[in-house]
Enquirer: 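Below is the structure I would like to discuss, written out as structure tokens.
Letters A, B, ... mirror the listed sequences (proteins, then strands); counts begin at 1.
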Number of protein chains: 2
Amino acid sequence: MTLTQRKQPGLDETVGPCAPPKPVPRPDGQDRYTISEVAAHTGLSVHTLRWYERIGLMPTIDRSHTGQRRYTNRDLAWLSFVGKLRLTGMAVADMVRYADLVRQGDHTFAERRALLLATRESVLRRIGELQDTLTVLDFKIDFYADAPSASERL
Amino acid sequence: MTLTQRKQPGLDETVGPCAPPKPVPRPDGQDRYTISEVAAHTGLSVHTLRWYERIGLMPTIDRSHTGQRRYTNRDLAWLSFVGKLRLTGMAVADMVRYADLVRQGDHTFAERRALLLATRESVLRRIGELQDTLTVLDFKIDFYADAPSASERL
DNA sequence: CACTTGCCTGGAGTGCACTCCAGGTCTTTA
DNA sequence: TAAAGACCTGGAGTGCACTCCAGGCAAGTG
């Protein structure tokens, strides 16, 4: 439940009134984002972004001539998909497995599909569980509404 | 997603064919279950049951004359509700808070209700998130179905 | 009466998913 | 040119929800 706390500020807030000056106004209007830009865009911390890379959840990220990471739109799209997988409740280790399959090429399509199908099933199960809890929750909430605390009914 | 692994064997399997002999056939047909019976019934480990008690998630549990825990049907009902709260994704600390409110008596009805309402909202949000992921999952699954791996289309 | 089994306790250990730190480089700004 | 700020690395630390351990007591069994 802690995954949706932060709304994403976005990379594209250069337009609009009161747009804050971009800290590093990349002259090329391009496909090369710094780690902090990506952090702002995705809502992940820079720590988490570097950690994702360490554990093999990211493809090889481009580097600037001084060795700083430069993320592409492609990387952003992958991060967005990873974010969806995270929302499914998939374990990070399984996401890494999926990333491995992607790295291995097209011949892993069937296995990737199987992984996603299993995930889909678990999402459906989880939705069912959550809906079950709603029944109980609503029952209790109604109970407390009908029987307000002694301090209230004087 | 690891919460629904085990199905509950149940306390009431004394009837039926091939019912295994109850290890400790409590002579009184009553309301006093040992910790391992409760573990079998709830799917929680005995460790977790004791831990729940330590952290204040349980009411005071009865003890036998030798100091062993004896759970009542009331305790079982509470554990079942706690299980539902756990399925909502509520943090254990918040469940403890709720248990505290219950201990404090009827004058906390309003606060309990507020807690459950907040939980209800977070469950609805979570269901929404999961449904969003299904869209992405289905899209990808279809993609992999339409474009089977090279090894398959020879 | 030894042995096994089930239970007790306080406290240590585990796995996960981050999160932060120390010590360093490079670039920009005053 | 000095200070500030964004970035780098390997590794340590954190919070959560358990999970297990050592050492001990009590009751039933061969």
Enquirer: Looking at CG of A:L137 and CG of A:D142, how far apart are the two atoms once the value is rounded to the nearest 0.5 Å?
Expert: 10.5 Å
Enquirer: If you compare every side-chain N and O of A:Y52 against the phosphate oxygens of C:dC18 (OP1, OP2), does one of them come in below 4.0 Å?
Expert: yes
Enquirer: If only atom types and distance count, is the side chain of A:E37 paired as donor or acceptor with the main-chain N or O of A:T34 below 3.5 Å?
Expert: yes
Enquirer: Kindly state whether the ring of A:F81 and the ring of A:Y98 have centres lying under 6.0 angstrom apart.
Expert: yes
Enquirer: Can you confirm whether more than 12 heavy atoms, excluding those of A:R74, are under 6.0 Å from its CZ atom?
Expert: no
Enquirer: For the pair made of CG in B:L44 and P in D:dC18, what is the distance, rounded to whole Å?
Expert: 8 Å
Enquirer: Sort me out a list of protein N/O and nucleotides 11-14 of chain D N/O pairs below 3.5 Å, or just none if empty.
Expert:
| residue | atom | partner | partner atom | Å |
| --- | --- | --- | --- | --- |
| D:dG11 | N7 | A:R54 | NH1 | 2.9 |
| D:dG11 | O6 | A:R54 | NH2 | 2.8 |

Enquirer: According to a strict under-4.0 Å criterion, is A:S36 in side-chain N/O contact with OP1 or OP2 of D:dC7?
Expert: yes
Enquirer: Is any side-chain nitrogen or oxygen of A:R50 closer than 4.0 Å to OP1 or OP2 of D:dT9?
Expert: no
Enquirer: Side chain of B:H47 only, please: which of D:dC20, C:dT19, C:dC7 is the nearest?
Expert: D:dC20
Enquirer: In whole Å, I'd like the distance from the OH atom of B:Y33 to the P atom of C:dG6.
Expert: 20 Å
Enquirer: Report the distance from atom CG of B:L79 to atom CG of B:L49, rounding to the nearest 0.5 Å.
Expert: 6.0 Å
Enquirer: Measure from CE on A:M58 to P on C:dC18 and round the result to the nearest Å.
Expert: 14 Å
Enquirer: Does B:H65 or B:M95 map to a spot on DNA chain D nearer the 5' end, using the closest nucleotide for each?
Expert: B:M95
Enquirer: Rounded off to whole Å, could you give me the OH-to-C1' distance for the A:Y71 and D:dA6 pair?
Expert: 14 Å
Enquirer: When you measure from the side-chain N and O atoms of B:R69 to the phosphate of C:dT9, is any distance below 4.0 Å, counting only OP1 and OP2?
Expert: yes
Enquirer: Closest approach to the side chain of A:W51, judged atom by atom: which nucleotide of C:dC18, D:dT19, D:dC8 is it?
Expert: C:dC18
Enquirer: Expressed as a whole number of angstroms, how long is the span from B:R63:CZ to C:dG6:C1'?
Expert: 14 Å
Enquirer: Could you check A:T48 against A:Q68 and say which one's nearest nucleotide on DNA chain C is further toward the 5' end?
Expert: A:T48
Enquirer: Quickly work out the A:L79 CG to C:dC18 C1' distance and round it to whole Å.
Expert: 15 Å
Enquirer: In whole Å, I'd like the distance from the CZ atom of B:R70 to the C1' atom of D:dA27.
Expert: 11 Å
Enquirer: Using modelled atom types only, decide if a donor and an acceptor are shared between the side chain of A:N73 and the backbone of A:D31 within a distance under 3.5 Å.
Expert: no
Enquirer: Counting side-chain heavy atoms from C-beta on, which of C:dT19, D:dC18, D:dC7 comes nearest to B:V92?
Expert: D:dC18
Enquirer: Between atom CD1 in A:I35 and atom P in C:dC26, what is the gap in whole Å?
Expert: 18 Å
Enquirer: Who pairs with B:Y52 by ring pair (Phe, Tyr, Trp, His ring centres under 6.0 Å), at least two apart in sequence or on another chain?
Expert: none
Enquirer: Go through C:dT19, C:dA17, D:dC18 for me and flag the one nearest to the A:S45 side chain.
Expert: C:dT19
Enquirer: Do any side-chain nitrogens or oxygens of A:T34 fall under 4.0 Å of OP1 or OP2 in D:dC7?
Expert: yes
Enquirer: List in chain and number order the residues that pass side-chain contact (heavy atoms from CB on, under 4.5 Å) with A:Q68, two or more places apart in sequence or in another chain; answer none if no residue qualifies.
Expert: A:S64, A:T66, A:R70
Enquirer: Nearest heavy atom decides the nucleotide; on that basis, is B:A91 or B:T66 closer to the 5' end of DNA chain D?
Expert: B:A91
